[in-house]
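Okay, structure first, notes after.
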Amino acid sequence: TIIFAGLALVYLTAVTMEKAGPARTPPTAPAPDNHAGRRAWPWWMVTGAAFGLSLLLKSHFILLLASVILAMIIRYRRAPAQIFRHGGTMAIGLVVSLAPLICRNISLGVSPLTTSSNSGITFITSNNPDCDGTSFFANPQMTAILMDRTRGEFLPSVFATLGTHK
């Protein structure tokens, strides 16, 4: 599922950028006859929504989203209005697809974009000095101590775990 989602995002982004056409800087470059850039907004919206849904699947897709935003900035660097128009439309799609998560998390009193509650323990068990890759809980005592000290919160868990390395 994750591989399919990643490939689908790459394909959708390529199609969207093709539909949007090349960067145009008025008034030196006239708009093409087919007005491709004007009809591309639904594609940017769908691309944003697809990225939002993929982020619900796996948070690692944030790296792909960042690379798409960087590619958009590079491609349209001479036409900042297109960056804001396409990027803004993509952001709307992203927010719409993440809205149910945000509403749920706010109602529960947790961080609006949190998708996992086990990130702290996962980092501790995977990165403590006794982890050799053969079992999930390499050192249950160390895991319990660090979980108690950090309450399982991700960033404190990262610093506490890294502090155990000599």
Side-chain angles (χ1 to χ4, degrees), residues 1-17 20 42-77 80 82-166:
T1 304
I2 295 169
I3 293 171
F4 172 76
L7 292 173
L9 286 172
V10 169
Y11 176 76
L12 182 60
T13 301
V15 169
T16 300
M17 286 198 172
W43 287 92
W44 286 108
M45 183 88 62
V46 168
T47 301
F51 268 103
L53 294 174
S54 70
L55 287 170
L56 293 175
L57 176 66
K58 197 76 169 162
S59 60
H60 295 84
F61 284 114
I62 194 77
L63 300 173
L64 183 57
L65 176 61
S67 65
V68 167
I69 292 169
L70 181 63
M72 183 189 311
I73 291 169
I74 291 169
R75 180 175 183 161
Y76 300 113
R77 66 187 174 277
Q82 284 181 286
I83 294 171
F84 290 111
R85 185 172 58 242
H86 298 324
T89 306
M90 191 167 87
I92 290 170
L94 182 74
V95 169
V96 166
S97 66
L98 292 177
L101 170 75
I102 293 168
C103 292
R104 174 199 171 273
N105 285 354
I106 289 173
S107 72
L108 293 175
V110 297
S111 176
L113 296 175
T114 297
T115 58
S116 173
S117 62
N118 64 353
S119 55
I121 193 167
T122 301
F123 190 86
I124 290 170
T125 57
S126 301
N127 294 286
N128 76 53
D130 297 326
C131 182
D132 62 1
T134 60
S135 86
F136 186 69
F137 288 103
N139 185 340
Q141 293 83 17
M142 176 65 74
T143 300
I145 291 168
L146 292 175
M147 285 296 290
D148 184 53
R149 191 183 317 161
T150 64
R151 296 176 312 180
E153 294 179 14
F154 181 68
L155 283 178
S157 296
V158 169
F159 294 122
T161 305
L162 293 178
T164 62
H165 290 269
K166 295 178 176 135

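A20 and H86 get closest at one heavy-atom pair: CB-NE2, 3.9 Å. Pairing each heavy atom of S97 with each of G48, the nearest pair is OG-O, 4.1 Å.
Looking only at distances, no side-chain donor or acceptor of T161 sits under 3.5 Å from a matching main-chain atom of V158. Using a distance-only test at 3.5 Å, with no hydrogens or angles considered, no donor-acceptor pair links the side chain of S126 to the main chain of F123. Proximity of a side-chain donor or acceptor of N105 to a complementary backbone N or O of S111 within less than 3.5 Å is detected.
Note: T47 OG1 to L12 CG = 3.5 Å, rounded to the nearest 0.5 Å. The distance from the CD atom of Q82 to the CZ atom of R77 is 12.5 Å, given to the nearest 0.5 Å. Note that the CD1 atom of I106 and the CG atom of L113 stand 9.0 Å from one another [nearest 0.5 Å]. Rounding to the nearest 0.5 Å gives a distance of 11.0 Å between OG1 of T114 and CD1 of I102. Considering CG of L9 and CZ of F4, their distance stands at 9.5 Å, rounded to 0.5 Å. Of the inter-residue distances, the one linking M72 atom CE with M17 atom CE reads 5.5 Å to the nearest 0.5 angstrom.
Residues forming a side-chain contact (heavy atoms from CB on, under 4.5 Å) with V15 (at least two apart in sequence, or on another chain): Y11, K19, W43. Judged as a side chain to side chain donor-acceptor pair (under 3.5 Å), and not counting sequence neighbours, the contacts of T150 are S157.
The number of heavy atoms from other shown groups lying within 6.0 Å of CG (L70) is above 12.
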Audit row: R149, L146, side-chain contact (heavy atoms from CB on, under 4.5 Å) steps and yes/no: CA-CA 5 Å; R149 191 183 317 161; L146 292 175; 4.0 Å; yes
Would you give me the side-chain donor-acceptor pairs under 3.5 Å for residues 52-69, sequence neighbours excluded?
| residue | atom | partner | partner atom | Å |
| --- | --- | --- | --- | --- |
| S54 | OG | A50 | O | 3.4 |
| S54 | OG | F51 | O | 2.7 |
| S67 | OG | L64 | O | 2.7 |

